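Heads up: the structure comes next, in structure tokens.
Reckoned from all heavy atoms, side chains included, excluding hydrogens, waters and symmetry mates. Keep in mind that this is a model prediction, so the values were computed, not measured.
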Amino acid sequence: MKRHYLWMMALAAVLALAACRNKEQNTTGYDAYERPEKSNEVIRMKDYHYSASIKSGNAEYTYSVDRVPNDTLPVVTDEAGDRYADNVIRLRINKSGSQIFNRLFTKRTFKAYAGEGFISKAILEGMAFDKVVPQGLRFSASVSYPNSDMFVPFSITVAPDGSYVIAKDEVLDTETDMEVEDSSVIE
């Protein structure tokens, strides 16, 4: 009986090792990057497009966020020597069918808030709708060191007339903030 038990345990161990060996390994966790086959080529983030509609008061807003790598911007090299293409992001906003905002953002847009030292080694990574605030529509953007968790968050608030304000986003939303926000919407 003990011999049969040992064979069963050995078989289970072999099957477990085989299952682990067949799994595709992802060492970085970042699937937004397109890695070239040759190591000396420039690494680019994948194109990104998102659009949606938001109703605020009596107005309906539609927005689109488009991110594309841009070869005319300087290439960023990380500490390992990997070279990354920087991105540009276009944000368009329509209010009740009329365009009120259309702007192309680069990491240089945020230079005054993050400093040249950080900006020179970073890329414009992303932008997304955050929430409706009394001043208008708030979007979040991030400038980051490529393929890392080191980033500086920003908020871009676009008013109903198309004017906008950029700020360094130093306070992360918490669950308590969201509960207060949600209760004010209900009233």
Side-chain angles (χ1 to χ4, degrees), residues 29-34 43-74 76 84-116 118-119 122-187:
Y30 291 89
D31 62 351
Y33 287 94
E34 294 177 347
I43 300 166
R44 290 173 171 72
M45 290 186 82
K46 294 177 182 175
D47 292 355
Y48 174 81
H49 171 77
Y50 185 79
S51 61
S53 296
I54 303 159
K55 186 143 175 95
S56 178
N58 294 330
E60 182 169 338
Y61 294 89
T62 58
Y63 69 87
S64 66
V65 176
D66 295 290
R67 178 191 69 206
V68 293
N70 188 298
D71 292 328
T72 64
L73 297 172
V76 174
Y84 293 86
D86 203 349
N87 302 301
V88 295
I89 298 176
R90 180 164 302 277
L91 173 60
R92 293 182 181 100
I93 302 173
N94 292 334
K95 177 183 174 185
S96 301
S98 298
Q99 188 172 74
I100 62 164
F101 191 81
N102 183 357
R103 174 156 177 148
L104 187 68
F105 292 89
T106 68
K107 69 181 178 185
R108 295 277 171 211
T109 307
F110 307 98
K111 180 181 170 186
Y113 310 96
E116 181 61 37
F118 181 80
I119 292 290
I123 62 171
L124 178 57
E125 185 171 4
M127 184 180 295
F129 174 75
D130 186 10
K131 60 186 171 184
V132 175
V133 293
Q135 300 83 5
L137 304 179
R138 180 178 170 185
F139 292 82
S140 295
S142 65
V143 176
S144 68
Y145 287 152
N147 211 8
S148 79
D149 293 334
M150 298 293 295
F151 70 98
V152 177
F154 298 96
S155 67
I156 303 161
T157 304
V158 181
D161 66 358
S163 62
Y164 67 100
V165 175
I166 297 174
K168 191 172 180 181
D169 197 3
E170 296 189 28
V171 179
L172 296 175
D173 289 339
T174 62
E175 198 170 307
T176 306
D177 292 339
M178 290 191 300
E179 288 172 7
V180 169
E181 180 183 326
D182 289 343
S183 65
S184 67
V185 171
I186 294 172
E187 295 174 358

With heavy-atom distances below 4.5 Å as the criterion, would you say the side chains of [X] and [Y] are in contact?
X    : Y    : value
F139 : F154 : no
V133 : K131 : yes
L137 : Y63  : no

Spacing of [atom1] belonging to [X] relative to [atom2] belonging to [Y], to within rounding of 0.5 Å:
X   : Y    : atom1 : atom2 : value
E60 : T62  : CD    : OG1   : 7.5 Å
I89 : I156 : CD1   : CD1   : 8.0 Å
N70 : T106 : CG    : OG1   : 9.0 Å
D66 : Y48  : CG    : OH    : 9.5 Å
Y84 : R44  : OH    : CZ    : 13.0 Å

Residue that, paired with K107, satisfies side-chain contact (heavy atoms from CB on, under 4.5 Å) out of I119, L73, V88: I119

Looking at [X] and [Y], what are the two nearest heavy atoms and their distance?
X    : Y    : answer
T157 : G136 : CG2-N, 4.3 Å
I123 : A85  : CG2-O, 4.0 Å
P69  : M45  : CG-O, 3.0 Å
P160 : I100 : O-CD1, 3.5 Å
P74  : D86  : O-CB, 4.1 Å
P146 : V76  : CG-CG1, 4.0 Å

Which residues pass the side-chain hydrogen bond (donor to acceptor under 3.5 Å, both in side chains) test with S51, not counting sequence neighbours? none

Distance under 6.0 Å and angle within 45° of ring axis: R103 vs F101: no

Could you go step by step and tell me if I54 and F129 meet the side-chain contact (heavy atoms from CB on, under 4.5 Å) rule? CA-CA 10 Å; I54 303 159; F129 174 75; 3.2 Å; yes

Take M127 and R67 through the side-chain contact (heavy atoms from CB on, under 4.5 Å) test and state the conclusion after the steps. CA-CA 8 Å; M127 184 180 295; R67 178 191 69 206; over 6 Å; no

Please check if any side-chain donor atom of E125 sits under 3.5 Å from a side-chain acceptor atom of S144, or the reverse. yes

Geometric class of the F105/Y164 ring pair [parallel <30°, tilted 30-60°, perpendicular >60°]: perpendicular

Under 3.5 Å, side chain of N87 to main-chain N/O of L124, donor-acceptor pair present? yes

Dump the intermediate steps for side-chain contact (heavy atoms from CB on, under 4.5 Å) on V165 and Q135, then the final yes or no. CA-CA 10 Å; V165 175; Q135 300 83 5; over 6 Å; no

